[in-house]
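What you see below is based on every heavy atom in this structure, not just the backbone, and it leaves out hydrogens, waters and symmetry mates. Along the sequence shown, the residues carry numbers beginning at 1.
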Amino acid sequence: MEPKIKWGIIGPGKIAKKFTSDLLLFEDAEVAAVASRNLKRAEDFATEFKIPHTFGSYEELFKSDKVNIVYIATPHRFHKELTIMAMKNGKHVLCEKPLGVNLNEVQEIVEVAKAEKVFLMEGLWSRFNPSIQKAKELTDSGEIGSISYLHADFSFYALDRGKESRLLNPELASGSLLDIGIYPVFLSYLLLGMPESISAQANFLENGTEAQTSIVFKYQNALSVLYSGLKGESKMEAEISGNLGEIFIHPRWHEANGLTLKIGEEAKEFKIPTKGNGFVYEIQEVHKCLKNNLLKSELWSHQNSLELAQLLNKIRSQIGATFPFES
């Protein structure tokens, strides 16, 4: 019987709870440890998920021999520091998106991963969602012809959250773009590649937090219209249009359970239910890579993370979104 992959959870918040619940669906995984700067939070999390080892600092977990891979689910601001610290202690890393707050951070993280010869992947779960995989398969095979238009949005109301929350506190890399705007940007990049040019506009809160951003990616023969916001709900259905037909990824498209292919007057619905909380497919990819001694995923590679960070950098530059801790 092959040994189990031993996971450590870094930052026991809401996302980590959903992720850990999905980890427990795997017979080849063991959730071996959890760490928080607040030991009580780590202990409560450990009790809930029956995790044997708890740590009151991240470094203690990284230095321990209890885990081979860590899942980092802290606010964006701490991703670079913690990912690098984990890798320098010989741990493989799955880090929640965005991998870094800016391109320089992502470049530094990738360089350390290569130097330390450990597995690293950005936790962009939508890349592994079966409906999005199906949409890519249909577009790659020419089912809707040449793509000319893509629309994707992601928005919800968050202005009632506390000013210290990760969404509204600039010291934690707040705003819609890095938290949820990353998804529409990712979808356009996945299906159409790097755009020729970008135009973007944004509105900001009084404390400098970017509250909503609209983006247009121009390609040689296509346009992508993208939006993210914290000021109200949006439909969150993705539309991909070609000269032969259309694909509609059902709301909320970034975690979809199906899509519709429309050719002329004919519409074919694909029902593709997801397992667990939707992290199952990302975890499967990580386990496959580790078992094959791969240091990066082919489905979402280091280069993909670098190019996504490059796009987000360009958008931030256009709209003037900066954070106090950035030099």
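- Counting heavy atoms of neighbouring residues, nucleotides and ligands inside a 6.0 Å radius, atom NZ of K136 exceeds 12 of them.
- A side-chain donor-acceptor contact under 3.5 Å links N207 to the backbone of L168.
- Rounding to the nearest 0.5 Å gives a distance of 5.0 Å between CD1 of I51 and CZ of F45.
- Hydrophobic cluster membership is shared by L25 and V31, with clusters built from Ile, Leu, Val, Met, Phe, Trp and Tyr side chains linked at under 4.5 angstrom.
- Counting only residues at least two apart or on different chains, the salt bridge (Lys or Arg N to Asp or Glu O under 4.0 Å) pairs with a member in residues 117-135 are K134-E137.
- For K14, there are no salt bridge (Lys or Arg N to Asp or Glu O under 4.0 Å) partners at least two apart in sequence or on another chain.
- With hydrogens and angles ignored, the 3.5 Å screen pairs no side-chain donor or acceptor of N313 with any backbone N or O of N102.
- Sorted by first and then second residue, the pairs that involve residues 302-327 and meet ring-ring contact (aromatic ring centres under 6.0 Å, His included), not counting sequence neighbours, are F323-F325.
- Through chains of ILVMFWY side-chain contacts below 4.5 Å, Y149 is grouped with V225.
- Of the possible polar contacts, one joining the H79 side chain to the P98 backbone as a donor-acceptor pair under 3.5 Å is found.
- Under a 4.0 Å N-O distance rule, the pair E326/R316 qualifies as a salt bridge.
- K18 has no carboxylate O lying under 4.0 Å from a charged side-chain N of D22, or vice versa, which leaves the two without a salt bridge.
- For the pair E237 and R252, the salt-bridge criterion is not met [side-chain N within less than 4.0 Å of a carboxylate O].
- The nearest pair of heavy atoms linking S297 to E285 is OG-OE2, 2.7 Å.
- Enclosure of atom NZ in K235 is not indicated, since only 12 or fewer non-hydrogen atoms of other residues, nucleotides or ligands lie within 6.0 angstrom.
- From S305, atom OG reaches atom CD of Q310 across 12.5 Å, with rounding to the nearest 0.5 Å.
- To the nearest 0.5 angstrom, T54 atom OG1 is 13.5 Å from I9 atom CD1.
- Considering only residues two or more places apart in sequence or on other chains, Y281 meets the ring-ring contact (aromatic ring centres under 6.0 Å, His included) condition with none of them.
- In this structure, E108 pairs ionically with K80, as a charged nitrogen and a carboxylate oxygen lie closer than 4.0 Å.
- Contact record, E27 with K4: O-CE, 3.0 Å, taken as the closest heavy-atom pair.
- Between the side chains of D44 and T47, no donor N or O sits under 3.5 Å from an acceptor N or O.
- Between the side chain of S131 and the backbone N or O of G258, at least one donor-acceptor pair lies under 3.5 Å.
- The closest donor-acceptor contact from the side chain of N203 to the backbone of A211 lies at 3.5 Å or more, if one exists at all.
- With hydrogens and angles ignored, the 3.5 Å screen pairs a side-chain donor or acceptor of K97 with a backbone N or O of D179.
- Distance check: L177 CG to I182 CD1 gives 8.0 Å after rounding to the nearest 0.5 Å.
- Residue pairs meeting the ring-ring contact (aromatic ring centres under 6.0 Å, His included) criterion with at least one member in residues 92-117: none, sequence neighbours excluded.
- Atoms CG and CG, on L94 and L290 in that order, are 9.5 Å from each other to the nearest 0.5 Å.
- Qualifying salt bridge (Lys or Arg N to Asp or Glu O under 4.0 Å) partners for D160, counting only residues two or more places apart in sequence or in other chains: none.
- Here the side chains of Q201 and T213 are not in contact, with every heavy-atom distance at 4.5 Å or above.
- Among pairs with a residue in residues 204-235, none fulfils ring-ring contact (aromatic ring centres under 6.0 Å, His included), at least two apart in sequence or across chains.
- Between M121 and W300, the shortest heavy-atom contact is CG-O, 3.8 Å.
- Legend: residues meeting salt bridge (Lys or Arg N to Asp or Glu O under 4.0 Å) with E81, ordered by chain and number and at least two apart, are absent.
- Ring pair F26/W7: centre-to-centre distance not below 6.0 Å.
- R41 places a side-chain N or O within donor-acceptor distance of the main-chain N or O of P12, the cut-off being under 3.5 Å.
- Side-chain atoms of E111 and Q107 form no donor-acceptor pair, as typed in the model, at a separation below 3.5 Å.
- Partners of E43 by salt bridge (Lys or Arg N to Asp or Glu O under 4.0 Å), not counting sequence neighbours: none found.
- Just one residue in the list L299, I272, L138 forms a side chain to side chain contact (heavy atoms under 4.5 Å, CB included) with Q133, and that residue is L299.
- The hydrophobic cluster containing L82, built from Ile/Leu/Val/Met/Phe/Trp/Tyr side-chain heavy atoms closer than 4.5 Å, also comprises I10, F55, Y58, L61, F62, V67, V70, I72, F78, I84, M85, M87, V93, L99, L103, V106, I109, V110, V112, V118, L120, L172, L306.
- No donor-acceptor pair closer than 3.5 Å links the side chain of N89 to the backbone N or O of K91.
- Residue pairs that meet the ring-ring contact (aromatic ring centres under 6.0 Å, His included) test with at least one member in residues 241-274, sequence neighbours left out, are W125-H254, F154-H254, Y183-H254.
- Between the S165 side chain and the R161 main chain, no donor and acceptor come within less than 3.5 Å of each other.
- Expressed to the nearest 0.5 Å, how far CD1 of I198 lies from CD1 of I319 amounts to 11.0 Å.
- Using a distance-only test at 3.5 Å, with no hydrogens or angles considered, no donor-acceptor pair links the side chain of T209 to the main chain of L205.
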